[in-house]
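To start, the structure under review is shown below, and the notes come after it.
Not measured: the values here are computed from a predicted model. Numbers restart at 1 for each chain; the letters A, B, ... are given by sequence-line order, proteins then strands. Atoms considered below: every heavy atom in the structure, side chains included; atoms not considered: hydrogens, waters and symmetry mates.
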Amino acid sequence: AQSVAQPEDQVNVAEGNPLTVKCTYSVSGNPYLFWYVQYPNRGLQFLLKYITGDNLVKGSYGFEAEFNKSQTSFHLKKPSALVSDSALYFCAVRDNTGGFKTIFGAGTRLFVKA
Amino acid sequence: DVKVTQSSRYLVKRTGEKVFLECVQDMDHENMFWYRQDPGLGLRLIYFSYDVKMKEKGDIPEGYSVSREKKERFSLILESASTNQTSMYLCASSPGGRNQETQYFGPGTRLLVL
């Protein structure tokens, strides 16, 4: 069965510092991996995805994520955090066997302090 | 840009009422989804549809039904609302048949059942 774990409920970082939001996954086949962001009172917005190819994926707003097959991880990173990055971040996974279901993690709230 | 709209941002209903949540997408996407979002639980899939008049149960379909009479519209129905259905409801759509990838989300409907 597919599953996604976001081990941290909350991440606090100072503006200008690098940030990491962690995600680990479990799927039966090869994974399709996604990060979404939710700003207050808004729906989810797509940030980036890994389907195949280069393990380092670049996405919107300066975010990137690294696919690590041996550690089954897909951590979200940004070299220099902004206060405006404060939001709720969701990792999601789908296997590549043709199913429709995408499984979402519980979410990690990121606070960036000025 | 893909636009997914939901009929209401906020709804207050009484226990036992029948509730309709409507979702419309304007990008001719085949796949549409209904999720509920609860703190600490992330997004949980209620129902999805990969074609007109087609529907499949997600992880938590109990107490809900759906309707997809037209490609652009996917309705979620709470047959008899209960207080444990108080939640944020998110609609999403995605292109392609079985190769759906990125999902595009509406702004959400926050439902309070009294």
Give a yes or no on whether [X] and [Y] share a hydrophobic cluster (residues Ile, Leu, Val, Met, Phe, Trp, Tyr; joining criterion: side-chain heavy atoms under 4.5 Å apart).
| X | Y | answer |
| --- | --- | --- |
| A:Val93 | A:Val21 | yes |
| B:Leu11 | B:Val4 | no |
| A:Trp35 | A:Leu44 | no |
| A:Leu19 | A:Val11 | yes |
| B:Leu45 | B:Tyr89 | no |

Inset, instruction - Determine the option with the most heavy-atom pairs under 4.5 angstrom with chain A, choosing from B:Arg9, B:Gln6, B:Arg110. - result: B:Arg9

Inset, instruction - Please check if the side chain of A:Tyr36 supplies one atom and the backbone of B:Gln103 the other of a donor-acceptor pair under 3.5 Å. - result: yes

Side chain, backbone, both or neither: which part of [X] has a non-hydrogen atom closer than 4.5 Å to chain A?
| X | answer |
| --- | --- |
| B:Gln37 | side chain |
| B:Tyr10 | side chain |
| B:Leu41 | backbone |

Inset, instruction - List for me each residue that meets ring pair (Phe, Tyr, Trp, His ring centres under 6.0 Å) alongside A:Tyr89, sequence neighbours excluded, and say none if there are none. - result: A:Phe63

Legend entry - Residues A:Phe46, B:Phe105; criterion ring pair (Phe, Tyr, Trp, His ring centres under 6.0 Å); working and verdict: CA-CA 9 Å; A:Phe46 168 75; B:Phe105 285 83; over 10 Å; no

Legend entry - A:Lys49 atom NZ, over 12 foreign heavy atoms within 6.0 Å: yes

Inset, instruction - Return the minimal non-hydrogen interatomic distance between B:Thr102 and A:Phe34, and the atom names on each side. - result: N-CE2, 3.9 Å

Inset, instruction - Under 4.5 Å heavy-atom distance to chain B, tell me which part of A:Gln38 shows up: side chain, backbone, both or neither. - result: side chain

Inset, instruction - Spell out the residues in residues 103-114 of chain A that have some non-hydrogen atom less than 4.5 Å away from a non-hydrogen atom of chain B, in order of number; otherwise answer 'none'. - result: A:Ile103, A:Phe104, A:Gly105, A:Ala106

Legend entry - Inter-residue atom distance B:Phe48.CZ - A:Thr102.OG1, 0.5 Å rounding: 9.5 Å

